Amino acid sequence: MRRTVFNEDHEAFRETIRAFIEAEVVPVYDEWFAAGQAPRDFYYKLGELGIFGINVPEEFGGAGLDSHKFEAVLYEETARAGVQFGGSGVHVLLALPYIKMLATDEQKKRYLPKFVTGEEMWAIAMTEPGTGSDLAGMKSTAKLSEDGTHYVLNGAKTFITGGVHADRVIVCARTSAPTAEDRRHGISLFAVDTKSEGYSVGRKLDKLGLKTSDTAELAFVDVKVPVEDLLGEENKGFYYLGHNLASERWGIAFGAYAQAKAAVRFAKQYVQERTVFGKPVAHFQNTKFELAACQAEVDAAEAVADRATEALDAGELTPAEAASAKLFCTEVAHRVIDRCLQLHGGYGYMNEYPIARLYADNRVNRIYGGTSEIMKTIIAKDMGL
């Protein structure tokens, strides 16, 4: 089936990204994997390449486009090469929408030029120890000072992707207590400078997968946040968070589909080269049937991912549709990657093979951005159940 989601501009971008990955990432990726993060200066290279500015208005140094299709190309090309761009995905997919939606003109002038160049890397801090997906249960607080010039931030966050290298973090904290009618009330968002006194990065977390993506615990002890760094209105943070969930879940869905597609590529190459009992593994009927079944699932996931991409670019992707795409694509990726690893035999369990890293990286897709169980709840509610 011929795809229609990408045009000539996207394919030209694909060629550029593929060449960049081969030259700048593949030769050093094992070093990043061993270190548990990409080096900070790599993000300057992404800035020079223009990746961070694709969806940033031209007046702030970006390309001024309004499309997620270039991000989709990035997902496919990094998966194809079996690499990641560190924690930079959060910078663009998660942080940028909040800046564009909530920042004042004055804030955009301060934030976006450095965002585009990679001089200031952004992350977002929502999850707290003990709360998980229950964002309304967060305990971090931000109290306005008596003179009204700043907020005093206290609390802790965990599982913060990009948290080690981040220069600014969008921190969710309580500015008011929840009400009896609405426990989600009272949360606000702040663009916190990580150089602020009282701000500290705790453990760099040792994850099962996504090894080159720095993930950390953060702590805030009487951190002074200027009122000029409040994003949007006080006490409306929870609703702002919900507004961008569709695009976040689209990103996870498309990324999972891209991983599944890459897994089939890795497995096909392996079974054609690997010989057992005197002939290539690809010659066995079981191998052919397994890969054929995987390809059929990838084709279906591609259709779902492409449809969601078109809907997102048109501003029509509903929360239930995003949940459905995430649920389907992540579950497909889980099955396909597992079967492709099996075809590698014992070598599939070795981290020197991309399928092993892909297996570990993929597991979180059914957890973050809302678990598969939460996706089912959203879909069922949309069905009127």
Side-chain angles (χ1 to χ4, degrees), residues 1-3 5-6 14 21 71-84 89 207-211 213 249-274 280-309 321-373 375-376 379:
M1 294 177 285
R2 186 174 66 87
R3 299 178 80 184
V5 69
F6 298 125
R14 185 188 302 280
I21 290 172
E71 292 173 55
V73 171
L74 279 173
Y75 283 125
E76 289 189 334
E77 289 306 306
T78 51
R80 179 185 181 277
V83 302
Q84 298 166 346
K207 306 184 300 296
L208 170 67
L210 302 178
K211 290 293 189 179
S213 173
R249 288 168 179 164
W250 164 81
I252 298 170
F254 202 98
Y257 141 70
Q259 290 176 324
K261 182 177 182 179
V264 172
R265 176 175 177 268
F266 296 145
K268 179 182 175 182
Q269 181 179 2
Y270 179 82
V271 298
Q272 288 175 329
E273 296 173 353
R274 173 69 168 163
V281 175
H283 286 194
F284 292 94
Q285 185 181 67
N286 179 70
T287 303
K288 297 176 182 179
F289 281 7
E290 283 294 286
L291 281 177
C294 287
Q295 183 62 53
E297 289 217 73
V298 168
D299 287 344
E302 181 179 87
V304 170
D306 285 356
R307 185 181 69 175
T309 303
E321 289 169 343
S324 178
K326 180 183 184 297
L327 177 66
F328 183 78
C329 290
T330 57
E331 294 292 339
V332 164
H334 163 65
R335 293 191 297 270
V336 167
I337 294 170
D338 183 74
R339 295 167 83 172
C340 288
L341 186 151
Q342 188 73 14
L343 288 173
H344 282 71
Y347 289 105
Y349 204 66
M350 301 296 111
N351 274 327
E352 64 185 276
Y353 282 81
I355 193 68
R357 299 179 182 185
L358 193 58
Y359 183 86
D361 292 347
N362 174 261
R363 185 59 185 88
V364 76
N365 288 332
R366 292 181 290 150
I367 299 174
Y368 65 4
T371 63
S372 292
E373 291 72 26
M375 297 304 101
K376 292 174 184 176
I379 298 165

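Note that the structure is predicted; figures quoted are calculated from it, not measured.
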Gln259 and its side-chain hydrogen bond (donor to acceptor under 3.5 Å, both in side chains) partner, picked from Thr330, Thr78, Asn362, Asp361: Asn362
Other residues, nucleotides, ligands: >12 heavy atoms within 6.0 Å of [X] [atom1]:
X: Gln272; atom1: CD; answer: yes
X: Arg335; atom1: CZ; answer: yes
X: Gln285; atom1: CD; answer: no

Quick one: does any side-chain atom of [X] pair with a main-chain N or O of [Y] as donor and acceptor, under 3.5 Å?
X: Thr287; Y: Val281; answer: yes
X: Arg265; Y: Arg80; answer: yes
X: Lys326; Y: Asn365; answer: yes
X: Arg249; Y: Gly369; answer: yes

Which heavy-atom pair separates [X] from [Y] by the least distance, and what is that distance?
X: Gln84; Y: Ser213; answer: OE1-N, 4.3 Å
X: Leu291; Y: Lys268; answer: CD1-CA, 4.0 Å
X: Ile252; Y: Tyr368; answer: CD1-O, 3.5 Å
X: Ala79; Y: Ala258; answer: CB-O, 3.5 Å
X: Val332; Y: Ala301; answer: CG1-CB, 4.0 Å
X: Ala263; Y: Val336; answer: CB-CG1, 4.5 Å

[atom1]/[X] to [atom2]/[Y] distance, rounded to the nearest 0.5 angstrom?
X: Ile355; Y: Asp338; atom1: CD1; atom2: CG; result: 9.5 Å
X: Glu297; Y: Cys329; atom1: CD; atom2: SG; result: 11.0 Å
X: Asp306; Y: Arg3; atom1: CG; atom2: CZ; result: 4.0 Å
X: Arg363; Y: Leu208; atom1: CZ; atom2: CG; result: 8.5 Å
X: Leu327; Y: Glu373; atom1: CG; atom2: CD; result: 9.0 Å
X: Leu358; Y: Cys340; atom1: CG; atom2: SG; result: 9.0 Å

Aromatic ring pairing Phe254/Tyr257, orientation class (parallel under 30°, perpendicular over 60°, tilted between): perpendicular
Tyr270 and Tyr353 aromatic ring geometry - parallel, tilted or perpendicular at 30°/60° bounds: perpendicular
Distance-only polar pair, side chains of Glu331 and Ser372, donor-acceptor under 3.5 Å: yes
Polar side chain donor-acceptor pair, Asp299 to Gln295, under 3.5 angstrom: yes
Worked check of side chain to side chain contact (heavy atoms under 4.5 Å, CB included) between Tyr359 and His344: CA-CA 12 Å; Tyr359 183 86; His344 282 71; over 6 Å; no
Test: Arg14 cationic atom under 6.0 Å from Phe6 six-membered ring centre, within 45° of axis: yes
Close side-chain approach of Lys211 and Asn351, heavy atoms under 4.5 Å: no
